[in-house]
**Student:** 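I'd like to ask some things about the structure below.
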Amino acid sequence: MKAKITKAVFPVAGLGTRFLPVTKANPKEMLPIVDKPLIQYAVEEAVSAGITQLIFVTSSSKHAIENHFDSNFELEAKLAEAGKNEWLEVVRNVLPAGVSCVYVRQQNPLGLGHAVLCAKDIVGNEPFAVLLADDLIESNDKSCLRQMVEVYNELQSSVLAVQPVALSETEKYGIVGLDNPELELGKCAKVTSIVEKPKAKDAPSLFASIGRYILVPEIFYFLENVNRGVIGEIQLTDGIDKMLLTHDVSGYRFHGKRYDCGSKSGYLEATVEYGMKHKDIGEGFIKYLRGLNLD
Ligand code: G1P
């Protein structure tokens, strides 16, 4: 019987140094894009793909994430009392019905692969998704993860979301080698290698793996057995690369626009574009931008 993907891992233990000082006391995943935190966009994407259990790999400074997905009785009571039913709905629907959260601590910041390994016992022997909340992906129709779940259902093997990047950008990403270097939108190719942040001259292609993964549970074995870095860190890409020897992995070029909200400029681009499309403030905001008369 085909396994259904119901669990998603959200590695949220990172320090968010690129956004200091705002991330000194606030998790970077709680930075808002207009009126919703980044982590909520990622959770909504997961839920749209059929995920019912959210596994947050967290650290001691990330209580705001737990609070965001918990009920807030005091706030709800006050909104109800004031008859602010619209806001009451917004607050109550942060986590849709039928979706549960589990929190597991990553005690040392030892890399993305290590964070995924922290979820091993909760994931168990099932395929699962991994979403990095600082990659915000907007799509008109089906969410990126939903597209990937469809690919998984067809191929029954791990799927990585990939997109083309500039030669000057390879050092920011896990770069995949593909058996079809001309990969078109909405199509898959077999991943033949994956290298974490290579120099342009060492990059196996110009396709980067971005923060959406569907992985078979065998990945845990490979993560446990990769060579660790100098401080003992475990890269997810190294685990995937080892897995390629015995398991098929597909690179899927998704439909949608990805914003790198792990960088200040990507974060601002997302803020402006989501602001322009926002149902309440979009029109006024566009007028404001036009008034700036930028050429
Ligand atoms: C992580 C991964 C990298 C991937 C990237 C996508 O890097 O290690 O393979 O390409 O996310 O955003 P980070 O951005 O955390 O340095």
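Note: hydrogens, waters and symmetry copies are ignored here, and every other heavy atom, side chains too, is used. Counting starts at 1 for both ligands and their atoms, following the listed order.
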**Student:** Below 3.5 Å, can you tabulate the donor-acceptor pairs from side chains in residues 108-133 to any protein atom, sequence neighbours excluded?
**Tutor:**
from   : atom 1 : to     : atom 2 : distance (Å)
His114 : ND1    : Gln106 : NE2    : 2.9
Lys120 : NZ     : Glu224 : OE2    : 2.9

**Student:** Is the closest side-chain donor-acceptor distance between His68 and Gln40 under 3.5 Å?
**Tutor:** yes
**Student:** Strictly by salt bridge (Lys or Arg N to Asp or Glu O under 4.0 Å), give each pair with a member in residues 176-191 just once, sequence neighbours left out.
**Tutor:**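 Only Lys190-Asp248 qualify under salt bridge (Lys or Arg N to Asp or Glu O under 4.0 Å).
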**Student:** In order of chain and number, which residues sit within 4.0 Å of ligand 1 by heavy atom?
**Tutor:**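 For ligand 1, the residues that come within the 4.0 Å heavy-atom cutoff are Leu112, Leu132, Asp135, Tyr173, Gly174, Glu196, Lys197, Ser209, Ile210, Gly211, Tyr213, Thr237, Arg258.
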**Student:** Applying the side-chain contact (heavy atoms from CB on, under 4.5 Å) criterion to Phe254, which one of Ile137, Leu185, Val159 satisfies it?
**Tutor:**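 The side-chain contact (heavy atoms from CB on, under 4.5 Å) with Phe254 is passed solely by Ile137 among Ile137, Leu185, Val159.
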**Student:** Check salt bridge (charged side-chain N to carboxylate O under 4.0 Å, His left out) between Glu76 and all other residues, then give those that pass, not counting sequence neighbours.
**Tutor:** Arg92
**Student:** Kindly indicate whether the side chain of Ile5, heavy atoms from C-beta on, has any atom under 4.5 Å from the side chain of Ile214.
**Tutor:**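 Of all side-chain heavy-atom pairs linking Ile214 with Ile5, at least one is under 4.5 Å.
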